[in-house]
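Everything below concerns the one structure shown next.
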Amino acid sequence: MPVRKITFEEDGIYHVYNRGVEKRTIFLDNRDYFRAIHDLYEFNDERPATLLYYKKPFLESYETRSHRTAWERKPIVEILAFVLMPNHYHLLLRQLKDGGVTEFMQRFGVGYAMYFNQRYQRTGRLFEAPFKAVRIEREAHFLHLPFYIHANPLDLKFPEWRERRLRKPHSALQYLKSYRWSSFPDYVGIKNFPSVTTRSFLTQVFGTPKSFGEMTLSLLKEVDFVAVEKVALESLDSA
């Protein structure tokens, strides 16, 4: 296993990323996406998280599965932002306890892989490698990382966004609002999976849901996406 070049510290904020082994698709349908959303919520708790859920059909909605009250749960990280893509995911995490990021990512990786392997009758690793992470410290990170994470779904419909050739930014923004497997809808005032994320930190930076949407639109029109991607992925080290 590679030697970690990054130290996870309490209250530190980290961009965490992983993808399917050999870039394989890891979310094949809505059931898989719902399962991953469930796991983001369920495994973010100091109490031991059972992995037995993967044996049960995931027929209940995320909202039904997520009724623990605040006093019953004690999160080990804050999930500030997330996006799930067909073959990878991005998370923006704040560590709340010593070892919280590593513990959470191990739970999520193992739990989802067990579910996936049983459902599709496969064996072996699901993810390409141990998760990668970068500590968020510079102002450019705080400005561009949430945008970069939330803009990833544009690859599915507006792939030209990464080359500064986006000709319909308003349509792209509407697409991001409609992409369910992301925290973006909740940030712009569309109730989606509000219990998964802690949004107070980023709303202090970007303001109201209206302001968040306007900032995203502005970045879609003007930002150098190659530079944003470089900032977003710089120093990503294997965990």
Side-chain angles (χ1 to χ4, degrees), residues 14-20 24-47 49-70 72-94 96 100-101 103-120 126-127 131 146 148-156 175-202 209 212:
Y14 304 89
H15 173 208
V16 177
Y17 163 90
N18 210 344
R19 64 184 176 186
R24 67 159 296 142
T25 300
I26 55 177
F27 307 115
L28 276 70
D29 59 17
N30 285 354
R31 180 178 172 183
D32 291 346
Y33 282 109
F34 272 116
R35 176 69 208 199
I37 296 293
H38 162 275
D39 287 355
L40 288 176
Y41 181 87
E42 189 71 25
F43 295 137
N44 186 18
D45 193 343
E46 280 195 2
R47 299 186 306 175
T50 179
L51 298 181
L52 297 180
Y53 289 130
Y54 81 95
K55 295 182 179 179
K56 304 176 183 179
F58 191 58
L59 301 179
E60 299 160 289
S61 69
Y62 154 82
E63 290 83 359
T64 301
R65 297 287 297 177
S66 303
H67 278 322
R68 291 185 188 173
T69 61
E72 291 177 312
R73 301 184 73 246
K74 194 170 183 180
I76 56 180
V77 297
E78 287 180 346
I79 302 175
L80 305 181
F82 73 88
V83 69
L84 307 179
M85 297 291 292
N87 71 350
H88 69 279
Y89 62 80
H90 293 271
L91 306 174
L92 190 60
L93 306 178
R94 185 205 296 267
L96 298 180
V101 169
E103 180 180 350
F104 174 68
M105 294 309 303
Q106 288 175 343
R107 289 182 177 189
F108 176 74
V110 171
Y112 183 77
M114 291 175 70
Y115 151 81
F116 188 93
N117 283 354
Q118 185 184 59
R119 182 181 182 194
Y120 296 106
L126 177 61
F127 296 104
F131 69 90
Y148 174 78
I149 289 172
H150 288 145
N152 262 254
L154 296 179
D155 289 339
L156 304 176
Y175 179 72
L176 294 180
K177 289 181 178 180
S178 69
Y179 187 80
R180 190 160 194 201
W181 318 115
S182 162
S183 52
F184 185 74
D186 286 307
Y187 273 104
V188 294
I190 302 170
K191 185 177 180 181
N192 191 35
F193 300 112
S195 298
V196 171
T197 51
T198 301
R199 296 180 298 283
S200 57
F201 176 79
L202 291 186
F212 201 98

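The residues of the chain are indexed from 1 along the displayed sequence. Computation of the quantities below employed the complete heavy-atom set of this structure, encompassing side-chain atoms and omitting hydrogens, waters and symmetry-equivalent molecules.
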Within the 4.5 Å heavy-atom criterion, are [X] and [Y] side-chain neighbours or not?
| X | Y | answer |
| --- | --- | --- |
| Leu126 | Ile26 | yes |
| Met105 | Leu93 | yes |
| Asn152 | His88 | yes |
| Asn44 | Ile76 | yes |

Requested in this report: Please assess Ile190 against Lys177 for the test side-chain contact (heavy atoms from CB on, under 4.5 Å), listing each intermediate value before the final yes or no.
Outcome: CA-CA 8 Å; Ile190 302 170; Lys177 289 181 178 180; 3.9 Å; yes
**Report entry** From CA spacing to verdict: side-chain hydrogen bond (donor to acceptor under 3.5 Å, both in side chains), Tyr115, Asp39
**Finding:** CA-CA 10 Å; Tyr115 151 81; Asp39 287 355; over 6 Å; no
Query raised in the report: Excluding sequence neighbours, so at least two apart, what forms salt bridge (charged side-chain N to carboxylate O under 4.0 Å, His left out) with Glu103?
Result: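 Scan of Glu103 (salt bridge (charged side-chain N to carboxylate O under 4.0 Å, His left out), adjacent residues dropped) gives Lys97, Arg107.
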Report task. Please name all residues satisfying salt bridge (charged side-chain N to carboxylate O under 4.0 Å, His left out) with Arg19, sequence neighbours left out, ordered by chain then number. Result ->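 In terms of salt bridge (charged side-chain N to carboxylate O under 4.0 Å, His left out), with neighbours along the sequence ignored, Arg19 is linked to Glu128.
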Report task. Would you tell me whether Asn18 and His90 have side-chain atoms, one donor and one acceptor, within less than 3.5 Å of each other? Result ->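 No donor-acceptor contact under 3.5 Å links the two side chains.
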Heavy-atom closest pair, residues [X] and [Y]:
| X | Y | result |
| --- | --- | --- |
| Leu92 | Pro146 | CD2-CG, 4.3 Å |
| Leu96 | Pro75 | CD1-O, 3.6 Å |
| Val83 | Ser182 | CG2-CB, 4.0 Å |
| Trp181 | Ile37 | CE3-CG1, 4.3 Å |

When rounded to the nearest 0.5 angstrom, what is the spacing between [atom1] in [X] and [atom2] in [Y]?
| X | Y | atom1 | atom2 | result |
| --- | --- | --- | --- | --- |
| Tyr33 | Met85 | OH | CE | 7.0 Å |
| His15 | Leu91 | NE2 | CG | 8.0 Å |
| Ile79 | Leu40 | CD1 | CG | 5.0 Å |
| Thr197 | Glu78 | OG1 | CD | 10.0 Å |

Report task. In plain terms, say whether Arg47 and Asp45 are close enough for a salt bridge, that is, a side-chain N and a carboxylate O under 4.0 Å apart. Result ->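 Yes, this pair counts.
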Query - side-chain hydrogen bond (donor to acceptor under 3.5 Å, both in side chains) between Tyr179 and Asn192, worked out - result: CA-CA 10 Å; Tyr179 187 80; Asn192 191 35; over 6 Å; no
Query raised in the report: Between Tyr14 and Arg94, is there a cation-pi geometry (under 6.0 Å to ring centre, at most 45° from the normal)?
Result: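 No, a cation-pi geometry is absent between Arg94 and Tyr14.
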Report task. Apply the test ring pair (Phe, Tyr, Trp, His ring centres under 6.0 Å) to residues Phe27 and Tyr112: give CA-CA distance (whole Å), side-chain angles for both, the deciding distance (0.1 Å), then the verdict. Result -> CA-CA 10 Å; Phe27 307 115; Tyr112 183 77; 5.2 Å; yes
Query - Parallel, tilted or perpendicular: ring planes of Phe193 versus Phe34, cut at 30 and 60 degrees - result: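 Perpendicular: the ring planes of Phe193 and Phe34 meet at over 60°.
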Requested in this report: Look at the rings of Phe127 and Tyr89 and say which category their plane angle falls in: under 30° parallel, 30 to 60° tilted, over 60° perpendicular.
Outcome: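 The rings of Phe127 and Tyr89 stand perpendicular, inter-plane angle above 60°.
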Report yes or no: does [X] contribute a side-chain atom to a donor-acceptor pair with the main-chain N or O of [Y] at less than 3.5 Å?
| X | Y | result |
| --- | --- | --- |
| Arg199 | Pro194 | yes |
| Ser183 | Phe82 | yes |
| Asp29 | Asp32 | yes |

Query raised in the report: Are the aromatic ring centres of Tyr187 and His150 under 6.0 angstrom apart?
Result: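 That pair passes the under 6.0 Å test.
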Query raised in the report: Between Phe108 and Phe43, does the ring centroid distance fall short of 6.0 Å?
Result: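 No - the distance between ring centres of Phe108 and Phe43 does not fall below the 6.0 Å cut-off.
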**Report entry** Asn87 vs Arg24, side-chain contact (heavy atoms from CB on, under 4.5 Å): CA-CA, chis, key distance, verdict
**Finding:** CA-CA 6 Å; Asn87 71 350; Arg24 67 159 296 142; over 6 Å; no
